[in-house]
Amino acid sequence: MNRQGRAICLALSVCILVTLSSGFSLAAAGAVKNVIVLVPDGCGSTHTTLARWYKGSPLALDEVLTGGVKTYAAESLITDSAPAATAFATGYKSNSKFVSVLPEKVTIPGLAQQGDPFKPVATVLEGAKLAGKATGIVATSNIQHATPAAFSSHNFNRNDYNDIAEQQVYQGMDVVLGGGKKYLLPKSAGGARTDNEDLVQVLRSMGYDIVENTGALMNSSASRIWGMFAGDAMAYDMDRDPAKEPSLAQMTQKAIEVLSKDPDGFFLFVEGSEVDWASHANDPVGVIGDVLAFDAAVMVALDFAKKDGQTLVVAFTDHGNGGMSIGSKQSDHNYDRLPYSAVLDLLKKAKISGQGLEARLSADRSNIIEAVAQYYGITDLKPEEIEAIRTAKPGSMNYAVGPIISGRCNVGWTTTGHSGEDVFLYSYGPSKITGLVENAEIAAKVAEAMGFSLNDLNSKMFVKARPAFEALGAKVDWNNIDAANPVLVVEKGNVKAELPVSKNVITINGGIRYMKGLTVFSRGTTFVPREALDLFAAVAK
């Protein structure tokens with residue numbers, strides 16, 4: 001190579017190193033443009049097998065099977081959804097109920113301590129946003145539920161929906177579609193918030209198009225959309241009113257349509273949330289309906305990726321659920337002669353899930369026999385089955401109907417909880433992921449594909465506020481006048497900064513700035529983006 005060629009190579013090398021070193025704000029050259037991550041929560045291999053038999057043709061997932069995923073958490077061989085989602089959003093295994101914060105305890109042999117307990121850690125969605133990409137999350141649960149929450153917030157309690165909702169609003173994502181409206185509204189407006197904040201009005205002030213039914217979503221031409229299709233969770237796909245609640249495929253299609261307009265690319269997370277809930281109830285009808293609804297969303301993502309050529313699609317579940325099997329104790333002695341009809345005929349007669357049945361029963365549940373015959377084709381209910389349906393608690397009808405259907409179609413279950421087996425990995429496109437991988441490896445591979453390092457991102461996004469500001473000679477205190485909305489107060493001389501918790505806002509001497517990261521209060525410690533220190537230091541010289 002001549003001198004000029006060596007000089008060009010050296011220049012290129014320097015450019016690449018500079019790009020990588022600032023990867024949180026600029027994706028590396030040649031990186032994947034778009035990433036779509038799809039998760040059917042709680043979906044084991046039997047779930048997809050049964051759904052395939054029901055459908056009668058291959059699933060969209062089948063053509064992109066590339067490996068497997070190890071699902072265990074930091075303290076348990078069987079993971080909760082929150083630490084599972086934390087692993088594939090941040091690259092760190094964590095504890096039960098923890099959403100994108102480091103674990104308090106690590107007990108699994110061979111797994112190293114993960115760092116400061118309860119410290120928030122950066123997600124691939126946050127990294128994509130800081131790399132200039134459009135971002136979005138889609139789910140059929142309330143959008144504040146564990147798995148979408150792990151990509152878009154940080155909390156050691158997955159059930160703190162009010163705080164998670166606030167963080168999501170101030171995360172600045174471009175598209176958010178799912179349920180959970182009540183966690184955005186104060187109690188005075190019929191919501192669940194106890195801090196009197198109306199986050200729907202905040203979203204409107206931020207320029208979001210707020211949509212609440214299928215038509216409004218599909219007709220929206222906005223560049224920022226927040227879809228609220230239910231007060232809490234959306235319905236099972238088999239039960240939903242298509243005019244009120246869009247399908248997962250429709251939400252995925254719209255999200256891609258909006259996000260793909262960004263010339264820098266996008267990151268999209270999609271969850272088929274309620275496969276998990278049907279599995280907890282041992283309800284094969286709910287499982288089949290929502291697995292197929294999820295698979296339709298996968299087809300949407302793959303169709304886009306195949307045409308686009310610059311999109312990585314990754315799909316996997318977070319854990320198994322229910323120990324579901326085709327075959328049960330009833331088939332102990334005839335499993336090798338079990339016909340297709342003994343499993344599928346009854347399932348194909350079902351028109352609704354148990355949740356859907358509950359909505360169609362009379363107030364005194366006197367029409368059980370007629371309703372079950374109409375919607376499930378069962379005309380010989382046993383007395384104990386009628387009693388199970390009659391006495392089912394409100395909101396738990398799936399737990400009564402699921403076992404009845406399972407017992408009649410040779411579907412077995414070992415638990416109403418999660419299970420700890422390895423699960424399938426599906427991937428397509430540039431930088432596709434293959435082989436048997438740890439759930440935490442997925443985050444690192446997705447970040448690498450987009451051209452940034454999660455380690456580098458963490459050093460810039462979550463700095464312990466008190467020691468960092470005190471190192472600048474500042475005094476750090478709290479404004480707790482409104483206890484539900486605490487504000488970190490930083491003062492040096494005549495400079496005063498205020499940082500409300502769970503927001504990306506910093507006010508310095510009355511001037512409001514919006515940071516590229518959140519102020520997070522986690523188990524007694526406040527963390528701020530390094531940007532907050534830089535902004536304060538620039539004024540308080």
Using a 3.5 Å distance criterion without hydrogens, assess whether the side chain of [X] forms a donor-acceptor pair with backbone atoms of [Y].
X    : Y    : answer
D174 : T135 : yes
S522 : F118 : yes
H154 : S100 : yes
D318 : G42  : yes
Q171 : S152 : yes
S396 : A392 : no
K254 : L177 : no
Q168 : I143 : yes
D295 : V291 : no
N162 : A192 : yes

Can you tell me how far apart [atom1] ([X]) and [atom2] ([Y]) are? Round to the nearest 0.5 Å.
X    : Y    : atom1 : atom2 : value
H280 : T415 : NE2   : OG1   : 9.0 Å
L111 : K93  : CG    : NZ    : 6.5 Å
D264 : K33  : CG    : NZ    : 8.0 Å
K187 : K182 : NZ    : NZ    : 10.0 Å
I78  : T71  : CD1   : OG1   : 8.5 Å
N213 : E245 : CG    : CD    : 10.5 Å

Given side chains that start at C-beta, do those of [X] and [Y] come closer than 4.5 Å, heavy atoms only?
X    : Y    : result
F452 : L454 : yes
M251 : L248 : yes
S153 : V99  : yes
R158 : H145 : yes
T252 : I256 : yes
L203 : R224 : no
Y236 : T140 : no
F267 : V446 : yes

*Assert yes or no for the condition that the ring centre distance of Y514 to Y170 is strictly below 6.0 Å.*
no
Strictly by modelled atom types, are [X] and [Y] linked by a side-chain donor-acceptor pair under 3.5 Å?
X    : Y    : value
D232 : Y183 : yes
N95  : K105 : no
S279 : H47  : yes
T86  : S94  : no
E271 : T147 : yes
H418 : D80  : no
D163 : Q167 : yes

Less than 3.5 Å apart, which donor and acceptor atoms pair up between the side chains of residues 525-541 and the rest of the protein, not counting sequence neighbours?
from : atom 1 : to   : atom 2 : distance (Å)
R530 : NE     : S459 : O      : 3.3
R530 : NH2    : S459 : O      : 3.3
E531 : OE1    : K516 : N      : 2.7

*asked:* Any salt bridge linking K133 with D262? Criterion: basic side-chain nitrogen under 4.0 Å from a carboxylate oxygen.
replied: no
*Residues R240, E274: salt bridge by 4.0 Å N-O rule*: no
Check residues 466-484 and write down every donor-acceptor pair under 3.5 Å in which the side-chain atom is one partner and the other belongs to a residue at least two apart or another chain.
from : atom 1 : to   : atom 2 : distance (Å)
R466 : NH1    : V476 : O      : 3.1
N479 : OD1    : I481 : N      : 3.0
D482 : OD1    : A484 : N      : 3.3
D482 : OD2    : N485 : ND2    : 2.8

*Intermediate values then yes/no, side chain to side chain contact (heavy atoms under 4.5 Å, CB included), E104 and F98*: CA-CA 9 Å; E104 180 181 19; F98 286 22; 4.2 Å; yes
*For the pair F266 and F304, name the ring-plane relationship: parallel under 30°, tilted 30 to 60°, perpendicular over 60°.*
tilted
*What class does the angle between the rings of F151 and F269 fall in, given that below 30° is parallel, 30 to 60° is tilted and above 60° is perpendicular?*
parallel
Residue pair [X] / [Y]: nearest heavy atoms and the distance that separates them:
X    : Y    : value
N458 : V121 : OD1-CA, 3.2 Å
G286 : A278 : C-CB, 3.6 Å
V275 : D41  : CB-O, 3.3 Å
V285 : I352 : CG1-O, 3.5 Å
V69  : I442 : CG2-CD1, 4.1 Å
M234 : P246 : CE-O, 3.5 Å

*Going through the checks in order, is the side chain to side chain contact (heavy atoms under 4.5 Å, CB included) test met by E166 and K503?*
CA-CA 7 Å; E166 187 163 45; K503 294 180 171 68; 2.6 Å; yes
*asked:* Taking side-chain contact (heavy atoms from CB on, under 4.5 Å) as the definition, give me every residue that meets it alongside E441, ordered by chain and number, with sequence neighbours left out.
replied: V437, E438, K445
*Residues in side-chain contact (heavy atoms from CB on, under 4.5 Å) contact with T317, at least two apart in sequence or another chain*: P40, C43, V423
*Between V106 and E75, is a side chain to side chain contact (heavy atoms under 4.5 Å, CB included) present by the stated rule, with each step listed?*
CA-CA 5 Å; V106 177; E75 86 215 84; over 6 Å; no
*Would you find more than 12 non-hydrogen atoms of other residues, nucleotides or ligands less than 6.0 Å from K261 atom NZ?*
yes
*Stacked cation flag K119 on F462, 6.0 angstrom / 45 deg*: no
For residues 353-362, run the donor-acceptor check on the side chains, cut-off 3.5 Å, and write out each pair with its distance to 0.1 Å, sequence neighbours left out.
from : atom 1 : to   : atom 2 : distance (Å)
S353 : OG     : D239 : OD2    : 2.4
S353 : OG     : Q355 : N      : 3.1
S353 : OG     : G356 : N      : 3.4
E358 : OE1    : G395 : N      : 3.2
E358 : OE2    : G395 : N      : 2.9
R360 : NH1    : G356 : O      : 2.8
S362 : OG     : D364 : OD1    : 2.8
S362 : OG     : R365 : N      : 3.3
S362 : OG     : S366 : N      : 3.1
S362 : OG     : S366 : OG     : 3.4
S362 : OG     : N367 : OD1    : 3.1

*salt bridge (Lys or Arg N to Asp or Glu O under 4.0 Å) partners for D198, two or more places apart*: none
